[in-house]
Amino acid sequence: MALVPYVENSLPVLSKLHSSSAEFRFVDRDLRLAQDWKRLGVAAVVWDAAVVLCMYLELGQVDLKEKEVIELGAGTGLVGIVAALMGARATITDREPALDFLSSNVKANLPADSPGSAVVSELSWGEGLDRYPAGGFDLVLGADIIYLEDTFGPLLRTLEHLCSESTLILLACKIRYQRDSDFLSLLGQRFGIREVHYDKERDIHVYKAWKLSPVKDL
């Protein structure tokens, strides 16, 4: 599962990623997310894109109350947890090796009196999509999920399956390489897309995307 190898003497700038937990305050609640870089690599640390996406959600630009929301590649689950705290019915997904870890974070940070709810579910992009309702979500969330070129095709197929013409997609990412821009170009061939937020301090972009209506013959 670890896509980035664990190195005991890593660069100082990465030291916060090797911490066993990360603490945040969103939706007037203190959240404590367990991290496990050594066991699960990139899937088990809180990246800046997740933090910025949560900050964007708190701006209130998107109505989450009682909405069907799915988070892709959730990792620690921070984004999905915040969505649920804001009233969403959240489906928080990742690959099978990360699910126990993800479930623990959700259980630890989503109180019984939360206005929304959350379930943790396995989703490997492009596989077993029939387990999820086609076009059945109001909002699809993804934070730092476009860094591996081999996943671009399966991710696009997954987005096309999950989205109806009324579904909104929010993707938060850092543009590190040309391939990241290439994915956005591919996404733009099938979806409308525009940048809605930029966090200069963290160099994180937030993009909104929506399914394009099919062109009808005249």
Side-chain angles (χ1 to χ4, degrees), residues 26-27 43 49-50 53-54 56-100 102-103 105-107 109-110 112 114-146 148 151-173 183-184 186-194 196 206-216:
F26 287 111
V27 203
L53 186 50
C54 290
Y56 181 77
L57 293 177
E58 279 205 313
L59 291 176
Q61 300 297 313
V62 180
D63 179 18
L64 292 172
K65 189 174 181 180
E66 298 184 356
K67 300 297 185 180
E68 295 292 342
V69 174
I70 186 168
E71 183 186 2
L72 305 181
T76 63
L78 176 62
V79 175
I81 290 167
V82 169
L85 289 172
M86 295 182 68
R89 294 187 291 268
T91 301
I92 306 177
T93 72
D94 211 317
R95 296 171 59 197
E96 191 280 330
L99 293 187
D100 287 344
L102 175 57
S103 296
N105 269 337
V106 171
K107 183 178 181 179
N109 289 281
L110 199 61
S114 171
S117 62
V119 295
V120 172
S121 182
E122 178 186 357
L123 177 53
S124 294
W125 302 336
E127 302 176 12
L129 295 178
D130 57 345
R131 295 186 292 112
Y132 294 87
F137 294 92
D138 299 302
L139 179 63
V140 179
L141 300 171
D144 241 343
I145 63 173
I146 63 171
L148 286 177
T151 68
F152 289 177
L155 176 55
L156 286 170
R157 292 195 298 274
T158 300
L159 291 172
E160 288 188 315
H161 175 81
L162 297 173
C163 295
S164 69
E165 291 177 16
S166 63
T167 303
L168 181 66
I169 302 168
L170 288 176
L171 298 176
C173 62
F183 175 82
L184 296 173
L186 288 172
L187 184 66
Q189 295 174 16
R190 310 185 193 192
F191 293 80
I193 182 172
R194 67 182 177 92
V196 293
V206 178
Y207 296 93
K208 177 189 293 185
W210 58 93
K211 204 167 193 177
L212 296 174
S213 300
V215 177
K216 297 181 180 179

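Values reported hereafter were calculated over all heavy atoms of this structure, with side chains retained and with hydrogens, waters and symmetry mates removed.
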How many angstroms lie between [atom1] in [X] and [atom2] in [Y], if you round to the nearest 0.5 Å?
X	Y	atom1	atom2	value
Leu186	Ile146	CG	CD1	10.0 Å
Leu139	Cys163	CG	SG	9.0 Å
Leu78	Asn109	CG	CG	8.5 Å
Leu102	Ile92	CG	CD1	6.0 Å
Arg194	Leu184	CZ	CG	14.5 Å
Asp63	Met86	CG	CE	9.0 Å

Looking only at heavy atoms, which two atoms of [X] and [Y] are closest? And how far apart?
X	Y	result
Ile145	Gly73	CG2-O, 4.2 Å
Ala83	Leu64	CA-CD1, 4.1 Å
Gly126	Thr158	N-OG1, 2.8 Å
Val69	Ala88	CG2-CB, 3.6 Å
Ala84	Ala90	CB-CB, 4.3 Å

Note, [X] side chain near [Y] side chain (heavy atom, < 4.5 Å):
X	Y	answer
Val140	Thr167	yes
Leu155	Phe183	yes
Phe26	Leu85	no
His161	Phe137	no
Leu187	Leu159	yes
Arg190	Leu212	no

Applying side chain to side chain contact (heavy atoms under 4.5 Å, CB included) to Thr91 and Leu123, what does each step give before you reach the verdict? CA-CA 10 Å; Thr91 301; Leu123 177 53; over 6 Å; no

Atom CD of residue position Glu66 - does it have more than 12 heavy atoms of other residues, nucleotides or ligands inside 6.0 Å? no

Is a side-chain N or O of Lys211 found less than 3.5 angstrom from the main chain of Glu160, in a donor-acceptor match? yes

Is a side-chain donor or acceptor of Asp138 paired with a backbone partner of Glu68 at a separation under 3.5 angstrom? yes

Between Thr93, Val79, Leu171, Asp94, which is the residue that forms a side chain to side chain contact (heavy atoms under 4.5 Å, CB included) with Leu72? Thr93

If you apply the rule side chain to side chain contact (heavy atoms under 4.5 Å, CB included), what do you find for Lys208 with Leu170, and how did you get there? CA-CA 5 Å; Lys208 177 189 293 185; Leu170 288 176; 4.1 Å; yes

Any side chain to side chain donor-acceptor pair (under 3.5 Å) involving residues 114-128? Give me the pairs, sequence neighbours left out, ordered by first then second residue. Ser121-Tyr132

